[in-house]
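Just so you know, ligand 1 is whichever comes first in the structure, and atom 1 is the first atom listed for that ligand. Since the structure is predicted, the reported quantities are computational estimates derived from the model, not experimental observations. Note that these values count all heavy atoms, side chains included, but never hydrogens, waters or copies made by symmetry.
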Amino acid sequence: MYRAGRVRGIGALTLRPGEQVLDLGCGTGLNFPLLQDRLGPSGTIVGIDRSARMLQQARRRAIKAGWDNVILIQADAVLLDPAELCATIQGQGGSGTSDAALATYALSLMPEWRKAWANLTQLLRNDARVAVVDMQDPVGWARLLTPLARAACALGGADITAHPWQAVEEDCTGVIRDSARAGHLQIRAGTLGGPA
Ligand SMILES: C[S@@+](CC[C@H](N)C(=O)[O-])C[C@H]1O[C@@H](n2cnc3c(N)ncnc32)[C@H](O)[C@@H]1O
């Protein structure tokens, strides 16, 4: 169900081998295989999540796959100090500023997602590419499935009305707009640096 959003969001990021990408609210690292395909062993994934349990699973995934280019940091995206986090990433062998970032099904779990977005932009190059993938009510015939979609989001703690991809619309140029699963999954990607 949700893989389609990951595939399209990561595709829209146009990652290049050797780049560093930040995965905000990375969870168990479900995005990592798709990211690795594009970054290669010379690239770096920085996964940030506030949950130690999620990060433990992400670490297991990385170890099992033999990836030594994954940096995992436990931090709250809303409360973190960007300067401190940059230093932590550097301390673990990464670059202080990432080339790209994504947040898949994560910002809608954060009531203060705009603060998390503001923090995220501080961790990136001025012209970094960013992708946000998140959920809304289905459209068209699939509106019938709205109660189901809402229940699934509520169960996972997500606010289906948050629409955090607005940040990409507001702060990026060259915005790519995509959707999947009858509009339930919304994908936005763009380059930081001003309104589209
Ligand atoms: C629904 S999961 C999505 C995980 C992953 N991005 C994916 O696509 O599978 C949301 C993740 O966001 C994390 N999260 C929620 N609020 C957070 C916050 N304020 N700071 C950092 N991570 C947060 C949760 O711990 C969880 O791992």
Say you draw a straight line from SG of Cys26 to CD1 of Ile71; how long is it, rounded to the nearest 0.5 Å?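 One gets 12.0 Å once the value is rounded to the nearest 0.5 Å.
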
Distance check, rounded to the nearest 0.5 Å: Ile176 atom CD1 versus Thr14 atom OG1?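 The OG1 atom of Thr14 is 7.0 Å from CD1 of Ile176, to the nearest 0.5 Å.
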
Please determine whether the number of non-hydrogen atoms from other residues, nucleotides or ligands lying under 6.0 Å from atom CD of Gln74 exceeds 12.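 Count over threshold, so yes.
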
Pairs in or reaching into residues 25-50: which pass side-chain hydrogen bond (donor to acceptor under 3.5 Å, both in side chains), with residues at least two apart or in two chains?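 Checked against side-chain hydrogen bond (donor to acceptor under 3.5 Å, both in side chains) - neighbours excluded - the pairs reaching residues 25-50 are Arg6-Asn31, Asp23-Asn31, Thr28-Arg61, Asn31-Thr104, Gln36-Asn69.
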
Give every residue pair that meets the salt bridge (Lys or Arg N to Asp or Glu O under 4.0 Å) criterion with at least one member in residues 117-138, sequence neighbours excluded.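 Checked against salt bridge (Lys or Arg N to Asp or Glu O under 4.0 Å) - neighbours excluded - the pairs reaching residues 117-138 are Glu19-Arg129, Asp99-Arg125, Arg125-Asp127, Asp137-Arg150.
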
Qualifying ring-ring contact (aromatic ring centres under 6.0 Å, His included) pairs with a residue from residues 85-133, counting only residues at least two apart or across chains: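 Listed by first then second residue: Tyr2-Tyr105.
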
Hey, which residues fall under 4.0 Å of ligand 1 on heavy atoms?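 These residues qualify: Arg6, Gly25, Cys26, Gly27, Leu30, Asp49, Arg50, Ser51, Met54, Ala75, Asp76, Ala77, Thr104, Tyr105, Ala106, Leu109, Met110.
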
